[in-house]
Amino acid sequence: MADYKFDTIVTHLQTYGFVFQGSEIYGGLSNTWDYGPLGVELINNLKRAWWKKFVQESPTNVGIDSAILMNPKVWEATKHVSTFNDPLIDCKYCKSRHRADKLIEESYPEVAVGTMSQTEMMAFIRERKVACPQCGKSDFTDIRQFNMMFKTHVGVTEDSQSLVYLRPETAQGVIVNFKNIARTTRRKLPLGVASVGKAFRNEITPGQFTFRTREFTQLELEFFCAPGTNLKWFTYWKEYAMHFLKGLGVQKANLRFRDHDQKELAFYSQATSDIEYRFPFGWGEVWGIADRGNYDLSRHQEYSGKPLDYLDPDTNDKFVPCIVEPSLGLDRLALTVICDSYEEEVLEKDTRVVMHLHPAIAPYQVAILPLSKQLNEKAQEIVSILNPHFNVVYDETGSIGKRYRRQDAIGTPFCITVDFDTAADQSVTIRDRDSMKQLRMPIDDLIKYIRIKVFY
RNA sequence: GCAGGUGUAGUUCAAUGGUAGAACAUCAGCCUUCCAAGCUGAUCACGCGGGUUCGAUUCCCGUCACCUGCUCCA
């Protein structure tokens, strides 16, 4: 499959109603995107496919849906509040941006920057004329605090008592419920808990369409296991995740693992490996698989004062479980399958755009196309027979060829034409998007036939 | 946040200091019995806000959005 320009794909998505710009009639809001009628079907199908593989077909795993707003202490425990509250400063001369604390630290390693307030750091930089590492001048803007977490308030008054954050990851909503889940499900370790939900990060530089946005959906699994077994499970879930993507039809050549080296590892992580996809704009992370050790539970245990350890009934060992976390961005997963399935197929007379989406995730599984408008009634009957089972779309306008093209462009795997023999023989013609092959089939057999094809 | 670029129907492009044309797409009618046919007609646009001007889509300023770099991404 050839490579296509990213712009072309984005335009295609907006033309057919997969994605719209957020708040468009008001001039938009930067980096917000809305999923249209086709996009939401794709998104929902992807969620369902993931849930099926990571919950339904994984006997160790269960699911949860946790609140977006959490007690702010959660984010203190995880260091989201402290560590990512960077004091940023810009050089007015060369326009480079720096962290004020790092700036001081580099020039004056003996100074205890950690104990300085923002005002003190500012005064220090001005007094000592700390130089810009970029251009050597000392002409800086004021310090501005930057934290990736969105803040809001609970209640009507905006005092600090009521400050809450929009969660920057769904993981903590799962992790703080560990005891509840283990108790109510009567599960032993290893125990996986899956969750699907929105997370919010005030990224400095979002962009690349839906690839990096400030609001996004995470499909996360927190896999609780005994210390010492985490490496084994880390490898297991890495492979399982890769297998999932390939199962959706994503081409092997466009996927790769990228292991983080020691320097790159987050402070909480023992090992991290990303699954990257070769997007038209370059390789980008789709799935991050992290071995978080027992960092999260230990911190929550410390901050909440509640024991979060686990008694292994087989060995009588008591320990704080480790967590292996495969974390997938839904928006990136959608972009992956879209980019990977998009094709402009050159035919003898013209070109057709085809999205070779796996039938299980295509927005519509079936299109019903009456060959003539006189056959509408019979066609509608078939719509009613199929739509309790599949997403069905009905199209009666334009020539039959044009209607096939429309369905190809949005990835509908099966088109059913109703013709003048249908009423007499109770049969229709079903056409396959990828092979372009046509098959005559009794109406009664349709559900069974399509169900097998869309199975994932 | 900085620098550069872009902004006219859904899309791709025109033209113009006197309020905009086309093609494709969409919709309706005719025709049409399985892969973007044809004919007729219709709907739809100057990102937003100021300024200059008798008059601004056009010139100027601001703003918003998108693209490309830089910075950032636990």
Side-chain angles (χ1 to χ4, degrees), chain A residues 5-8 10-17 20-33 36 75 78-86 88-99 134 141 144 146-149 168-169 171-172 199 201-209 211-214 216 260 264-269 272 281 284-285 288 290 292 295-296 327 345 347-354 369-375 396-409 415-422 428-431 433 436-440:
Chain A
K5 279 190 170 175
F6 193 49
D7 287 354
T8 311
V10 170
T11 300
H12 184 257
L13 295 177
Q14 296 184 304
T15 301
Y16 283 91
F20 305 121
Q21 185 175 23
S23 316
E24 195 184 300
I25 64 167
Y26 287 102
L29 176 66
S30 77
N31 302 289
T32 58
W33 305 95
W75 309 115
T78 58
K79 292 193 183 176
H80 280 85
V81 174
S82 57
T83 312
F84 306 104
N85 220 340
D86 295 343
L88 296 178
I89 195 167
D90 288 344
C91 171
K92 285 184 190 167
Y93 186 76
C94 72
K95 312 288 186 198
S96 60
R97 172 171 290 174
H98 310 275
R99 276 179 55 171
Q134 202 78 28
T141 61
R144 278 163 303 181
F146 190 83
N147 188 283
M148 287 186 86
M149 285 195 292
E169 61 179 21
Q172 300 306 328
R201 295 180 194 179
N202 205 350
E203 302 274 3
I204 296 173
T205 308
Q208 239 104 6
F209 194 48
F211 182 79
R212 176 173 278 114
T213 54
R214 297 193 168 102
F216 54 97
H260 290 213
E264 195 183 358
L265 278 183
F267 61 83
Y268 58 75
S269 180
T272 299
F281 49 81
E285 177 191 344
R292 301 178 71 117
Y295 174 79
D296 301 273
S327 172
E345 188 183 343
L347 302 172
E348 275 182 38
K349 288 181 187 167
D350 57 23
T351 302
R352 66 169 188 152
V353 174
V354 198
L369 316 173
L371 214 52
S372 155
K373 284 185 182 174
Q374 296 159 46
L375 301 162
E396 59 172 42
T397 60
S399 70
I400 190 71
K402 176 169 277 189
R403 284 180 271 162
Y404 278 135
R405 291 288 192 273
R406 284 185 192 135
Q407 297 308 318
D408 296 337
C415 290
I416 290 173
T417 46
V418 177
D419 59 33
F420 290 90
D421 298 328
T422 297
V428 292
T429 302
I430 184 163
R431 174 264 209 182
R433 174 196 67 203
M436 297 272 264
K437 285 200 177 121
Q438 304 195 146
L439 202 64
R440 190 73 185 170

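Lettering of chains follows the sequences in order, A, B, ..., and the numbering in each one begins at 1.
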When the [atom1] atoms of [N] and [M] are considered, how many whole Å apart are they?
{"N": "B:rA22", "M": "B:rA45", "atom1": "C1'", "answer": "13 Å"}
{"N": "B:rA23", "M": "B:rC59", "atom1": "C1'", "answer": "31 Å"}
{"N": "B:rC73", "M": "B:rG4", "atom1": "P", "answer": "25 Å"}
{"N": "B:rC46", "M": "B:rA56", "atom1": "C1'", "answer": "11 Å"}
{"N": "B:rG47", "M": "B:rU40", "atom1": "P", "answer": "32 Å"}

Between [atom2] of [N] and [atom1] of [X], the distance in whole Å:
{"X": "A:Phe20", "N": "B:rG47", "atom1": "CZ", "atom2": "P", "answer": "21 Å"}
{"X": "A:Ile25", "N": "B:rA65", "atom1": "CD1", "atom2": "C1'", "answer": "15 Å"}
{"X": "A:Met148", "N": "B:rU71", "atom1": "CE", "atom2": "C1'", "answer": "13 Å"}
{"X": "A:Glu396", "N": "B:rC27", "atom1": "CD", "atom2": "C1'", "answer": "12 Å"}
{"X": "A:Asn31", "N": "B:rC73", "atom1": "CG", "atom2": "P", "answer": "17 Å"}
{"X": "A:Arg212", "N": "B:rC66", "atom1": "CZ", "atom2": "C1'", "answer": "17 Å"}
{"X": "A:Lys5", "N": "B:rU11", "atom1": "NZ", "atom2": "C1'", "answer": "15 Å"}
{"X": "A:His12", "N": "B:rU12", "atom1": "NE2", "atom2": "P", "answer": "13 Å"}

Any side-chain donor paired with an acceptor under 3.5 Å for A:Thr11 and A:Thr8?
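A:Thr8 and A:Thr11 do not have a side-chain donor-acceptor pair below 3.5 Å.
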Can you name the residues that form a salt bridge (Lys or Arg N to Asp or Glu O under 4.0 Å) with A:Arg433, not counting sequence neighbours?
none
Go nucleotide by nucleotide along RNA chain B from the 5' end; which of A:Gln14 and A:Gly28 gets its closest nucleotide reached first?
A:Gln14
First encountered from the 5' end of RNA chain B, between A:Arg201 and A:Thr32
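Mapping each residue to its closest nucleotide by heavy atoms, the 5'-most match is A:Thr32.
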Could you tell me which residues satisfy ring pair (Phe, Tyr, Trp, His ring centres under 6.0 Å) with A:Phe6, sequence neighbours excluded, listed by chain and number?
A:Phe281
What pairs with A:Asp7 under side chain to side chain donor-acceptor pair (under 3.5 Å), at least two apart in sequence or on another chain?
none
By the 4.0 Å heavy-atom rule, please label [X] as base, sugar-phosphate, or nothing.
{"X": "A:Pro206", "answer": "nothing"}
{"X": "A:Gln208", "answer": "sugar-phosphate"}
{"X": "A:Tyr295", "answer": "nothing"}

Identified side-chain contact (heavy atoms from CB on, under 4.5 Å) partner of A:Cys415 from the options A:Arg431, A:Gln438, A:Arg403:
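Running side-chain contact (heavy atoms from CB on, under 4.5 Å) over A:Arg431, A:Gln438, A:Arg403 with A:Cys415 returns exactly one hit, A:Arg431.
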Under the rule for side-chain contact (heavy atoms from CB on, under 4.5 Å), what residues qualify as partners of A:Thr351, not counting sequence neighbours?
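side-chain contact (heavy atoms from CB on, under 4.5 Å) list for A:Thr351, sorted by chain: A:Glu344, A:Val346.
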Can any side-chain N or O of A:His12 pair as donor or acceptor with the backbone N or O of A:Ala409 at less than 3.5 Å?
yes
Canonical and wobble pairing (Watson-Crick, G-U, under 3.5 Å) of RNA chain B, dot-bracket with |
(((((((..((((....[..)))).(((((.......)))))....(((((..]....))))))))))))....
Between B:rU12, B:rA65, B:rC27, which one does the side chain of A:Gln21 approach most closely?
B:rA65
Its contact letters, B for base, S for sugar-phosphate only and - for none at protein heavy atoms under 4.0 Å, make nucleotides 32-40 of chain B read -BBBBS---
Which is it for A:Thr429 and A:Arg440 under the side chain to side chain donor-acceptor pair (under 3.5 Å) test, yes or no, and what are the steps along the way?
CA-CA 4 Å; A:Thr429 302; A:Arg440 190 73 185 170; 3.1 Å; yes
